[in-house]
2 protein chains.
Amino acid sequence: MRFKSDIATLCRDHGLRLTGPRRIIMKALAESIDHPDAVELHRRVTKIDPGIAIATVYRTLRLLEEKGVLERHVFGDGPARFESAEQEHHDHLIDMDTGDVIEFRSDEIERLQEEIARRHGFEIVSHRLEIYVRPLRQPRRAPRDERDR
Amino acid sequence: MRFKSDIATLCRDHGLRLTGPRRIIMKALAESIDHPDAVELHRRVTKIDPGIAIATVYRTLRLLEEKGVLERHVFGDGPARFESAEQEHHDHLIDMDTGDVIEFRSDEIERLQEEIARRHGFEIVSHRLEIYVRPLRQPRRAPRDERDR
DNA sequence: TTAAGTGCAAAGGGTTTGCACGGTC
DNA sequence: GACCGTGCAAACCCTTTGCACTTAA
């Protein structure tokens, strides 16, 4: 997860004290390449400092969300998952087999949404587009031992 | 909420017993023009029979969802809200001022989603598009019969 | 020094479930 | 008469919160 600036700067800029737990939690976020939920993140930080309470993880996540540093997503009926808000807007493909999240962006879809909202007399505050998917079976040649059956 | 058939038929077709609570809950659903959640639905049915437990409402909703009669939606981080699954697929505009839900459909967006999923090597299982909106100050409301396609 | 941050445990909201009783088929 | 459905209360999961203690600034 990429942030605009380093952790100390991020805290200073938002009026947050740079505490031990905070540093570890934000470092774990920065090193995440996925979209972890609070429990998973807590698992990661307690490997470094087992004393960190899950309440602190929840508080830090909420705080960073309020400051606009993180974005919160709820896929299906699962727990909230987080990603950096400091990147271009995008939507998500969710691989239902693995839970993996793939980011994508479609200007065309964005434009159509604007148009639909306007046509109904609204302006968009935010939106959420999630496509729940399964891997396509690759068309493949049958291996030798599967032929001629 | 419109169902394909009457309540008795709906139950029989899905192997469900037509009990008193069930009849009242399904009648309340049929008469709903909005997208109620379990608590709101419970409020409505207890006006007719105050003895109906909220657990029964939850069980009935889950059952009907599993049978493919209802669709479950979670808007924002609110409670699950339900609508008939026996209608054409559509997406939702959510008026953030009132909580009202407006249905819309865009074949163009559907097509683009298919394209995106395929390009990433996936097939779509389901998707969810929610546009959170606020009324424009000089609203130009779409006529009732105007379509998005 | 002192307000912000923390750990812990308890509480919260929405939803599900175990149990014994009651009603439908 | 089976067995499904129900009411009730307790349990559940994820998340927040009250409290007393600790710590960064």
Side-chain angles (χ1 to χ4, degrees), chain A residues 7-29 35-46 48-67 69-82 99, chain B residues 7-29 35-46 48-67 69-82 99:
Chain A
I7 292 166
T9 310
L10 216 47
C11 282
R12 186 155 9 83
D13 289 357
H14 290 100
L16 303 176
R17 289 185 181 173
L18 183 49
T19 65
R22 212 107 97 180
R23 191 189 342 256
I24 292 170
I25 291 167
M26 294 178 73
K27 185 153 179 289
L29 279 170
H35 300 65
D37 60 41
V39 171
E40 172 57 28
L41 188 58
H42 182 240
R43 202 173 291 131
R44 293 178 194 177
V45 299
T46 47
I48 295 158
D49 177 355
I52 296 175
I54 196 163
T56 302
V57 173
Y58 275 110
R59 277 191 279 239
T60 303
L61 288 171
R62 165 162 290 272
L63 212 49
L64 293 178
E65 187 199 2
E66 284 167 6
K67 299 295 187 185
V69 176
L70 290 182
E71 227 170 80
R72 172 192 302 257
H73 298 285
V74 179
F75 300 127
D77 58 352
R81 299 173 62 174
F82 295 83
Chain B
I7 293 166
T9 310
L10 216 49
C11 282
R12 189 158 4 87
D13 288 357
H14 290 99
L16 303 176
R17 289 185 180 170
L18 183 49
T19 65
R22 212 108 97 178
R23 189 186 347 253
I24 293 170
I25 292 167
M26 294 178 73
K27 185 154 178 290
L29 280 170
H35 299 64
D37 61 39
V39 172
E40 173 58 28
L41 189 58
H42 183 239
R43 204 173 289 131
R44 295 177 194 179
V45 299
T46 47
I48 296 159
D49 177 355
I52 296 176
I54 196 163
T56 301
V57 173
Y58 275 111
R59 275 191 280 239
T60 303
L61 288 171
R62 167 163 288 273
L63 213 49
L64 292 177
E65 187 200 1
E66 284 167 5
K67 298 295 185 184
V69 176
L70 291 181
E71 226 170 82
R72 171 192 303 255
H73 299 284
V74 180
F75 300 127
D77 58 352
R81 299 173 63 174
F82 295 83

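Scope of the values below: all heavy atoms of this structure, side chains included, with no hydrogens, waters or symmetry mates.
- Atom pair A/L63:CG and C/dG5:P shows a separation of 7 Å (rounding to whole Å applied).
- Checking D/dA24, D/dG7, D/dC14 against the side-chain heavy atoms of A/R17 singles out D/dA24 as nearest.
- Note: CZ (A/R59) to P (D/dC19) measures 13 Å, nearest angstrom.
- One atom, CZ of A/F75, and another, P of D/dC14, lie 16 Å apart when rounded to the nearest Å.
- Counting any heavy atom pair closer than 4.0 Å across all strands shown, A/G51 reaches sugar-phosphate atoms only and no base atom.
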message = Set out, in order, the CA-CA distance, both residues' side-chain angles and the distance that settles side-chain contact (heavy atoms from CB on, under 4.5 Å) for B/L64 and B/M26, then state yes or no.
response = CA-CA 9 Å; B/L64 292 177; B/M26 294 178 73; 4.1 Å; yes
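- Across all strands, B/I54 comes closer than 4.0 Å to no nucleic acid atom at all (heavy-atom distances).
- Comparing atom distances between the B/T19 side chain and each of C/dT15, D/dT6, C/dT6 picks out D/dT6 as nearest.
- We find the OG1-CZ distance between A/T60 and A/R22 to be 6.0 Å, quoted to the nearest 0.5 Å.
- Looking only at atom types and distance, the side chain of A/H73 has a donor-acceptor partner in the side chain of A/E71 under 3.5 Å away.
- The side chain of A/Y58 places an N or O atom within less than 4.0 Å of a non-bridging phosphate oxygen (OP1 or OP2) of D/dT15.
- A straight line from CD1 of B/I24 to C1' of D/dT6 spans 13 Å, rounded to a whole angstrom.
- Taking atom CG on A/L41 and atom P on D/dT15, their separation rounds to 12 Å, with Å as the unit.
- One atom, CD of A/E40, and another, P of D/dC13, lie 17 Å apart when rounded to the nearest Å.
- Set against C/dT6, C/dG7, D/dC4, the side chain of B/R22 has D/dC4 as its closest nucleotide.
- Looking at B/E40 and B/R43, a side-chain N of the basic residue comes within less than 4.0 Å of a carboxylate O on the acidic one, giving a salt bridge.
- Summarising the geometry, the separation between CG on A/L16 and C1' on C/dA4 is reported as 10 Å, rounded to the nearest angstrom.
- The side chain of A/L18 approaches D/dA25 more closely than any other nucleotide in the set D/dA25, C/dA9, C/dT15.
- For A/P79, the listed nucleotide lying nearest its side chain is D/dT15; candidates were D/dG7, D/dT6, D/dT15.
- For the pair B/G20 and B/D37, both in contact range of DNA chain C, the more 5′-proximal nearest nucleotide belongs to B/D37.
- Atom NE2 in B/H14 sits roughly 17 Å away from atom P in D/dC4 (whole-Å rounding).
- Between A/L61 and A/L70 the shortest side-chain heavy-atom distance falls below 4.5 Å.
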